[in-house]
Amino acid sequence: MKNTKSSKWMAGFAVTLLLLWILSACGEGNNGGSNGTASPSQSAEATASEPASASASAAAASPASGQKVEGGKVTVLILQDLDFLDPHLAVAAGTNEVLFNLFEGLLKPNEKGELLPALAESYDVSSDGLIYTFKIRSGVKFHNGQTLTSTDVKYSYARLAGLDTGKPLQTSFEGVKSVEAPDDSTVVITLKERSSSFLTALTSAVIPNGYQDSNKNPVGTGPFKFKSYTPGQGMVVEKFAGYWQKGVPSLDEVDFRIITDPQAGLLALKSGEVDIYPRIGTEQLEEVSKDFNTISVPQNLVQLVVLNNDRKPFNDVRVRQALNYAINKDEIIDGVALGKGTKLGSNLSPVLAKYYQEGLEDTYKTDLEKSKSLLKEAGYPNGFETTLSVPSNYQFHVDTAQIVAAQLEQIGVKVKIEPVEWAVWLDRIYKGRDYDSTIIGLDGKLDPYQILNKYLSDSPNDFFNYKNPEFDSTLKAAVAESDDAKRVELYKKAQTILTQDAAAIYIMDPNTNIALNKKLAGYKTYPLYVQDLSSVYFTQ
């Protein structure tokens, strides 16, 4: 057994992942595209390939002038309703950004993308990489006053792994063979096979043993506890006085307010009805920059045009390649993100610089003649008609769709844009796979496997209907590979396969923009789609 205590295993894991953080919060809305990100964990997921500069870091977390004031209520704008309050069932990244404040796992990410101890104090991993033994932090309380024990962890992770049902609730737990609790402070997780990405799964929420009411009255161990939820309006959370981390949080209450219309959101911000507007449009951010603190930083997100690989004509690789050649990504980035986005060529952002395959963004340089030639070769000399379904609550995606439609018209492809409500998008398109094409933002994870595994032929998250045995074998070899250098190369190969197959049209990783009340300080951005209010406080 390899023993690793808190400080050692944190450093070791950071070295293993080498997650080059670029301050971000996987998102979208007016600005980026995640929820307008489909967050497939069970479900519906930069400017340069280098770490964020010190100035960017300071911009995200620098305190406002004045002394810290304890307490107070903050209203945060969110762009969509929550799909589930149960963290194990939540599909949408926009739901998880809220639930991040209520729930914790054995491990927890910080704003640099590093995994830190949360409900676990330390762990051992066996030499074959199959057995993980965790020591549980003592004195942790659930929001209902119950003391956390290993039994709660066992129940939560066995549920996620589907050990009783045979149906995992999250794909990241599919490889779990067993979860045991030999005593109150110890949890032993055994995997079916080695997985280099498994630790990232352990950020998933722990709920009380046997608790069945999570979708109506969620109970976690996080810094805030559930107060109320009104469908279509939002969720209110309040300070959890019994939180195990002393001095956290500062705020008494947070109101996550649903406002789907960008203009209404802007007016709410200006009037003081909203204190924090994440994923605000770039033009709007510039408009309010004098009266509000503003942040604009890269994020770990992939905006893309998803092509249903199982539906004609997109089941022909030549058609998919033709569409890629017809798209001018620079024009989209300039027109929709006002230049604040990084052009992509596959489903990985430069935020994960260690694993990112550079150069793929130039694979399909705009070439209309090449595009028309491929369409003719595929049997569509005059183009074809298709429907592009877009979540209507994400103006960023709607605007992108307009440009994409105009660009494709140049090669004879007539695109009908179909605005779709978010709940319908999740049900019909993401889950039901009933669509021709769609635009969405896929939120990033802390490990490349958790990002790319949605393309596996047998993945329940494969709403692309993408199937490629070479990709499957490459990605599965990568996650099982113990040699770091070989693992990196396999992940780069997997990205290259997606690009060569034109599995989708990969556009950009857009910056995330945030506007904040000038009296607020301590706001952090993450390479994940989260809103962390635990560090936010008022000043005077």
Side-chain angles (χ1 to χ4, degrees), residues 1-19 41-42 105-109 113-137 150 153-154 156-163 168-183 185-204 206 348 352 354-355 445-454 456 458-459 471-494:
M1 298 286 283
K2 177 184 174 184
N3 190 6
T4 328
K5 294 300 181 186
S6 302
S7 59
K8 293 182 180 179
W9 67 257
M10 279 189 286
F13 185 74
V15 170
T16 301
L17 289 183
L18 284 179
L19 293 175
S41 34
Q42 136 200 0
L106 291 176
L107 308 178
K108 191 172 186 175
E114 301 164 333
L115 290 182
L116 304 180
L119 302 184
E121 289 185 329
S122 63
Y123 77 90
D124 297 335
V125 58
S126 62
S127 58
D128 61 6
L130 296 178
I131 302 173
Y132 293 75
T133 304
F134 289 84
K135 288 299 179 183
I136 306 303
R137 185 182 299 278
S150 59
V153 180
K154 176 183 177 180
S156 299
Y157 289 169
R159 183 178 187 239
L160 285 167
L163 297 184
L169 295 179
Q170 291 184 3
T171 56
S172 56
F173 281 84
E174 286 180 334
V176 173
K177 180 179 180 181
S178 66
V179 183
E180 302 297 335
D183 59 56
S185 62
T186 306
V187 173
V188 180
I189 302 175
T190 303
L191 304 184
K192 299 172 186 176
E193 56 188 12
R194 179 193 293 269
S195 172
S196 61
S197 74
F198 180 63
L199 284 176
T200 60
L202 300 178
T203 60
S204 296
V206 171
L348 208 71
L352 293 186
K354 175 181 178 179
Y355 301 100
K445 310 295 181 184
L446 300 181
D447 182 271
Y449 180 78
Q450 302 300 340
I451 297 172
L452 299 174
N453 66 1
K454 64 179 70 69
L456 291 171
D458 58 357
S459 171
F471 175 85
D472 292 350
S473 60
T474 299
L475 193 64
K476 290 178 179 179
V479 75
E481 179 58 62
S482 58
D483 182 273
D484 186 62
K486 291 180 180 178
R487 184 167 62 251
V488 169
E489 288 308 308
L490 285 167
Y491 280 127
K492 289 184 176 182
K493 179 182 177 182

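Worth knowing before you read on, the calculation uses all heavy atoms, side chains too, and leaves out hydrogens, waters and symmetry mates. The residues of the chain are indexed from 1 along the displayed sequence. None of the values given here were measured: they were computed from a predicted structure.
Looking only at side-chain heavy atoms (C-beta outward), Thr186 and Lys135 come within less than 4.5 Å of each other. Side chains of Leu119 and Val153 form no contact here, defined as non-hydrogen atoms less than 4.5 Å apart. Tyr491 is listed as a side-chain neighbour of Leu475, based on a closest heavy-atom distance under 4.5 Å. Between Leu348 and Pro448 there is a side-chain heavy-atom pair separated by less than 4.5 Å. The shortest distance between side-chain heavy atoms of Phe134 and Ser185 does not fall below 4.5 Å. Residues Val176 and Phe198 are in side-chain contact: their nearest non-hydrogen atoms beyond the backbone lie under 4.5 Å apart.
Residue Ser156 holds its OG atom at 11.5 Å from CG of Leu202, rounded to the nearest 0.5 Å. Atom CG in Leu452 sits 11.5 Å away from atom CG in Leu490 (nearest 0.5 Å). In this structure, OG1 in Thr200 is found 6.5 Å from CG in Leu446, a value given to the nearest 0.5 Å. Taking NZ from Lys492 and OH from Tyr355, the interatomic distance works out to 10.5 Å, rounded to the nearest 0.5 Å. In this structure, CD1 on Ile131 lies 11.0 Å from CG on Asp124, to the nearest 0.5 angstrom. Rounding to the nearest 0.5 angstrom, the gap separating the CG atom in Leu106 from the CD1 atom in Ile189 is 6.0 Å.
With sequence neighbours excluded, the residues forming a salt bridge (charged side-chain N to carboxylate O under 4.0 Å, His left out) with Glu180 are Lys154, listed by chain and number. With sequence neighbours excluded, no residue forms a salt bridge (charged side-chain N to carboxylate O under 4.0 Å, His left out) with Arg137. Contacts of Asp483 classified as salt bridge (charged side-chain N to carboxylate O under 4.0 Å, His left out), with partners at least two apart in sequence or in another chain: none. Partners of Phe173 by ring-ring contact (aromatic ring centres under 6.0 Å, His included), not counting sequence neighbours, listed by chain and number: Tyr157. Every residue was checked against the salt bridge (charged side-chain N to carboxylate O under 4.0 Å, His left out) condition with Lys177, not counting sequence neighbours, and none meets it.
Evaluation of the salt bridge (Lys or Arg N to Asp or Glu O under 4.0 Å) test over residues 190-202, restricted to residues two or more places apart or in two chains, returns none.
The backbone N or O of Ala478 lies less than 3.5 Å from no partner atom in the side chain of Arg487, so there is not a single donor-acceptor pair. Here the side chain of Ser172 pairs no donor or acceptor atom with the backbone of Ala201 at under 3.5 angstrom. With hydrogens and angles disregarded, no donor-acceptor distance shorter than 3.5 Å links the side chain of Thr203 to the backbone of Lys108. When atom types are taken as modelled, the side chain of Thr133 and the backbone of Tyr123 share no donor-acceptor pair closer than 3.5 angstrom.
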Might you work through the side-chain hydrogen bond (donor to acceptor under 3.5 Å, both in side chains) test for Ser204 and Gln170, ending with a clear yes or no?
CA-CA 9 Å; Ser204 296; Gln170 291 184 3; 3.1 Å; yes

